[in-house]
There are 2 protein chains.
Amino acid sequence: MVCHSQDDILNKDRLGAAWSKVQAAQRITLLTHFKPDGDGIAACAALEHLFLQKGKFVETIYPSAPEFAFTRQPKTVYINEHRQHPDLIIICDTANYDRAYYPDAFKGIPLINIDHHVSNSIDGVYNFVAFEWSSTCELLYLILKILAPECIDTTIAELLLYGILYDSQIFQTQATTAQTLTIAAELMHKGADLYALKTELIAHKDPHVIALWGKVLSSVVVTDNEKAVYAVVRQGDLQHYNIHLPALVGFHNFLSHISLVDVSVLFYEMENGNIKCSLRSKRYDVNAVARQFGGGGHKNAAGFISQEPIDTIIKRVVGVLL
Amino acid sequence: MVCHSQDDILNKDRLGAAWSKVQAAQRITLLTHFKPDGDGIAACAALEHLFLQKGKFVETIYPSAPEFAFTRQPKTVYINEHRQHPDLIIICDTANYDRAYYPDAFKGIPLINIDHHVSNSIDGVYNFVAFEWSSTCELLYLILKILAPECIDTTIAELLLYGILYDSQIFQTQATTAQTLTIAAELMHKGADLYALKTELIAHKDPHVIALWGKVLSSVVVTDNEKAVYAVVRQGDLQHYNIHLPALVGFHNFLSHISLVDVSVLFYEMENGNIKCSLRSKRYDVNAVARQFGGGGHKNAAGFISQEPIDTIIKRVVGVLL
């Protein structure tokens with residue numbers, strides 16, 4: 001990625017030049033990352049909506065299916081395959097090529113890179129990377145506000161606010177700034193319904209999921225030094241409640257939020273018997289812990305997968321934290 | 001209350017006249033409601049901070065102690081008693097006189113009424129009642145922005161954002177508007193730290209509370225028609241976990257948020273053996289249900305207290321909902 005100062009993200013000359021590429025393109029392909037999330041999907045859907053209005057052929061490629069049944073998909077999505085040969089590619093919310101569908105056939109096609117990950121290593125013809133911003137949709141809003149403000153209709157406003165709410169966990173992450181709230185307010189003025197969107201985002205479709213959350217919360221253990229809490233999700237419980245992993249998305253956020261201890265750990269027994277361990281912290285460096293077990297991540301959120309028996313791995317991780 | 005159109009809430013003449021009363025006053029007493037909450041307390045604390053800068057004598061009276069151990073109290077608070085004989089009273093976030101400390105000695109003293117409850121029936125010399133707004137602190141911010149913008153320092157900004165976050169449940173209530181978010185952004189620009197405030201607000205001090213939440217969530221029952229979920233908090237569990245009622249504040253919000261069913265009901269066994277039943281809904285009129293049991297509230301949030309045995313009352317309420 002060509003490095004731009006954060007002040008320079010929305011440089012009008014560069015935005016204008018990228019916009020010329022868009023206007024000249026007939027077939028645009030949108031990409032986002034492996035296990036696409038609400039921010040990446042919403043960014044693609046907003047761009048698709050915009051480009052369809054302008055009479056372009058648009059398709060979106062995910063490298064793998066979303067883990068959630070989002071209602072706000074782009075209209076034309078292919079999983080791990082492409083149909084059209086684009087003359088422009090826009091990649092959203094994706095830090096590197098390995099996380100996207102990017103076959104040899106795409107090499108050499110001009111690519112615009114829109115993202116908010118500090119680790120972004122994609123070298124597009126134009127790169128718009130606003131790290132430490134709440135979401136790719138926050139960045140995309142400011143880009144569209146400069147390039148095509150008249151095109152930000154209710155549909156686009158809803159999609160962008162959805163993406164912002166998804167990645168900011170409804171304004172609860174540290175990346176939520178005054179700019180994030182100002183943009184959200186502007187999107188509401190354009191017709192996005194904050195209450196409806198957040199309800200769509202947090203409401204689980206199956207009320208029986210609550211019972212599983214309850215079961216897992218009941219199992220929460222606080223370490224003797226009160227530095228950490230951990231919980232265990234066992235396959236037996238998932239099967240008992242006839243529930244699959246996606247139902248637990250958000251659980252760890254919840255666990256880390258309601259506790260004042262520094263570290264929270266979720267041990268998850270996978271279908272193949274391996275144990276997925278995810279760690280969150282407020283101050284402690286959990287990346288260092290994960291690395292000891294062959295994993296990694298960030299200082300405040302990291303994880304690893306282990307083939308050891310669950311009780312062994314719990315004991316080892318807790319041993320490190322004590 | 002003299003009724004003002006909602007457009008007229010921030011009428012500059014009326015605000016200016018009220019401000020003259022404030023400037024002329026030497027001793028100002030601030031009031032808020034029974035079981036004061038984060039919005040009422042923060043509003044009083046912000047006004048106290050402002051008036052102390054201006055060299056006034058200020059005290060705040062709560063009719064009863066807060067149920068939470070808030071760190072953001074005004075400096076001078078008395079519970080159900082007053083010390084100074086004020087020449088001006090300001091009552092915040094309080095719908096009627098019965099909910100405030102308002103002894104005979106206060107009658108005849110000019111009173112300014114700042115609130116966001118639609119049911120406000122207080123007839124102050126000046127009334128600023130913005131019903132359907134997220135919070136009294138949202139209104140208070142706009143008032144101060146007109147009257148004394150230079151006085152909104154970091155302390156006041158933090159207090160007002162705290163009150164807004166408290167009453168809007170961190171931007172999750174239906175009363176959260178674009179105005180709410182814009183104001184929150186302005187308060188952040190004035191130094192309020194959204195992330196720190198929301199963490200202070202939602203973090204429980206006792207990690208063992210999580211286990212109780214888990215126990216209660218495990219007990220969640222979905223009615224046969226999938227219209228409602230209910231959960232029961234029993235005294236035995238509270239005693240087992242050595243936990244008191246305040247630890248469960250927020251639980252019902254959580255329950256109603258993670259479920260897509262229309263109605264959620266929490267049955268809470270009180271220390272005296274009575275059952276407190278609280279109902280929340282997205283569409284259904286739960287006020288009508290509560291009224292059948294001698295209680296009341298609003299269409300989407302209502303409750304009652306019953307002396308019947310818990311299993312009887314559960315059966316009766318579920319019978320109405322089916």
Exercise. Considering all heavy atoms of both residues, which atom of B:Thr176 and which atom of A:Met188 are nearest to each other, and what is their separation?
Worked result: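 Closest approach of B:Thr176 to A:Met188, heavy atoms only: O-CE, 3.6 Å.
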Problem set entry | Nearest non-hydrogen partners of B:Lys198 and A:Gln172, listed with the distance |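 Scanning both residues, the minimum pair turns out to be CE-O, 3.1 Å.
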For this session: Count the heavy atoms of every other residue, nucleotide or ligand shown that sit under 6.0 Å from NZ of A:Lys315, and state whether that count exceeds 12.
Result: no
Problem set entry | Single hit among A:Thr182, A:Ile183, A:Thr180, A:Leu194 for side chain to side chain contact (heavy atoms under 4.5 Å, CB included) with B:Leu181 | A:Leu194
